[in-house]
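Naming convention: chains lettered A, B, ... in sequence-line order (proteins, then strands); numbering from 1 in each chain.
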Amino acid sequence: GAVVSQHPSWVICKSGTSVKIECRSLDFQATTMFWYRQFPKQSLMLMATSNEGSKATYEQGVEKDKFLINHASLTLSTLTVTSAHPEDSSFYICSGTSGEQETQYFGPGTRLLVL
Amino acid sequence: EDQVTQSPEALRLQEGESSSLNCSYTVSGLRGLFWYRQDPGKGPEFLFTLYSAGEEKEKERLKATLTKKESFLHITAPKPEDSATYLCAVQLLEDSTLTFGKGTMLLVSP
């Protein structure tokens, strides 16, 4: 299957700071990328969908000014958590597809802990 | 409202003890149903996509089937390395997004 990487794999930050997470498709061009959040023992909750070169589409209840998504190239998307608070602590996972209706391949996830 | 329900929430098997996991869905206009495996602290790993009722797919000890209301993931003679959380997700005809169930946590004991 296709390979997606994320960096960093884990991050600890102080409340009020911003954190950037990178998601890269290593062996395919990801025209569409998705960002999910997963709390302990919960399933994946979609945060936003982004197409290369376009603004992201956010799911209801997700603050677009807090979770900034940039999909500047066909192999890279970034999620920036601005002014992070302890309740933002979670496991953030990205996925990419080579087409809107294609299989989503997931990255390994980024564990964020906000103190 | 579109819903995806997985059962059981958790399942403990002895090595070699075959069983099935269930994913039932109520959606309008299913394009595809996806099965993923997720190990603790990792992202989901793609297993299968099923598109139409009656379709079956196999991979090693796993076989996925699909009806108009549900999908089953059959595990034949499981091994301890099959221990993981198995997630199913649905994709609608008019949408590229996936809606996930809560998963079934499988533990296979030696």
Side-chain angles (χ1 to χ4, degrees), chain A residues 1-10 21 23-26 28 30-52 54 56-60 62 90-113, chain B residues 1-11 21 23-25 27 29-52 55 57 59-60 62 64 84-107:
Chain A
V3 181
V4 176
S5 70
Q6 282 185 241
H7 179 79
S9 56
W10 60 270
I21 302 170
C23 174
R24 294 182 185 273
S25 57
L26 300 184
F28 69 102
T31 54
T32 305
M33 284 187 165
F34 304 83
W35 286 94
Y36 294 82
R37 184 165 49 181
Q38 186 176 35
F39 292 105
K41 300 196 175 183
Q42 299 289 318
S43 193
L44 282 74
M45 296 300 295
L46 180 66
M47 298 176 67
T49 304
S50 72
N51 291 297
E52 184 261 341
S54 303
T57 302
Y58 291 81
E59 294 298 300
Q60 191 172 8
V62 178
S90 188
F91 191 51
Y92 292 86
I93 313 173
C94 71
S95 69
T97 72
S98 57
E100 283 201 356
Q101 298 286 311
E102 299 300 318
T103 298
Q104 289 187 31
Y105 293 95
F106 286 82
T110 297
R111 177 84 52 195
L112 170 64
L113 177 60
Chain B
E1 182 182 335
D2 299 329
Q3 285 193 332
V4 182
T5 304
Q6 291 189 246
S7 61
E9 289 186 11
L11 180 62
L21 313 182
C23 173
S24 63
Y25 60 92
V27 301
L30 177 75
R31 176 184 176 267
L33 186 141
F34 295 75
W35 282 98
Y36 288 86
R37 167 192 170 128
Q38 186 176 25
D39 292 299
K42 302 284 183 64
E45 175 190 344
F46 172 71
L47 294 174
F48 305 108
T49 310
L50 302 166
Y51 293 104
S52 56
E55 187 175 2
K57 288 192 177 175
K59 180 181 179 181
E60 296 181 351
L62 300 177
T85 294
Y86 290 85
L87 300 168
C88 79
V90 298
Q91 185 181 57
L92 303 183
L93 287 170
E94 72 276 9
D95 196 350
S96 62
T97 63
L98 294 178
T99 300
F100 281 87
K102 292 186 176 181
T104 293
M105 185 183 302
L106 174 67
L107 177 63

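- Here the CG atom belonging to A:Leu46 is positioned 8.5 Å from the CG atom belonging to B:Asp95, to the nearest 0.5 angstrom.
- Side-chain contact check for B:Ser96 versus A:Thr97: every heavy-atom pair is 4.5 Å or farther apart.
- Listed options B:Ala89, B:Gly32, B:Gly101 were ranked by heavy-atom pairs under 4.5 angstrom with chain A; first place goes to B:Gly101.
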Trace of the side chain to side chain contact (heavy atoms under 4.5 Å, CB included) decision for B:Leu98 with A:Phe34: CA-CA 10 Å; B:Leu98 294 178; A:Phe34 304 83; over 6 Å; no
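- Here B:Phe46 pairs with A:Tyr105, B:Tyr36 under the ring-ring contact (aromatic ring centres under 6.0 Å, His included) rule; sequence neighbours left out.
- For B:Gln38 and A:Gln38, the side-chain atoms include at least one donor-acceptor pair closer than 3.5 Å.
- The minimum heavy-atom distance linking A:Arg111 with B:Gly41 is given by the pair NH2-CA, 4.2 Å.
- For B:Glu9, the CD atom sits in a loose shell: 12 or fewer heavy atoms of surrounding residues, nucleotides or ligands are nearer than 6.0 Å.
- For A:Gln6, no part lies near chain B; criterion is any non-hydrogen pair under 4.5 Å.
- Within the 4.5 angstrom heavy-atom criterion, atoms from both the backbone and the side chain of A:Leu44 approach chain B.
- Taking OG1 from B:Thr49 and CD from A:Gln104, the interatomic distance works out to 10.5 Å, rounded to the nearest 0.5 Å.
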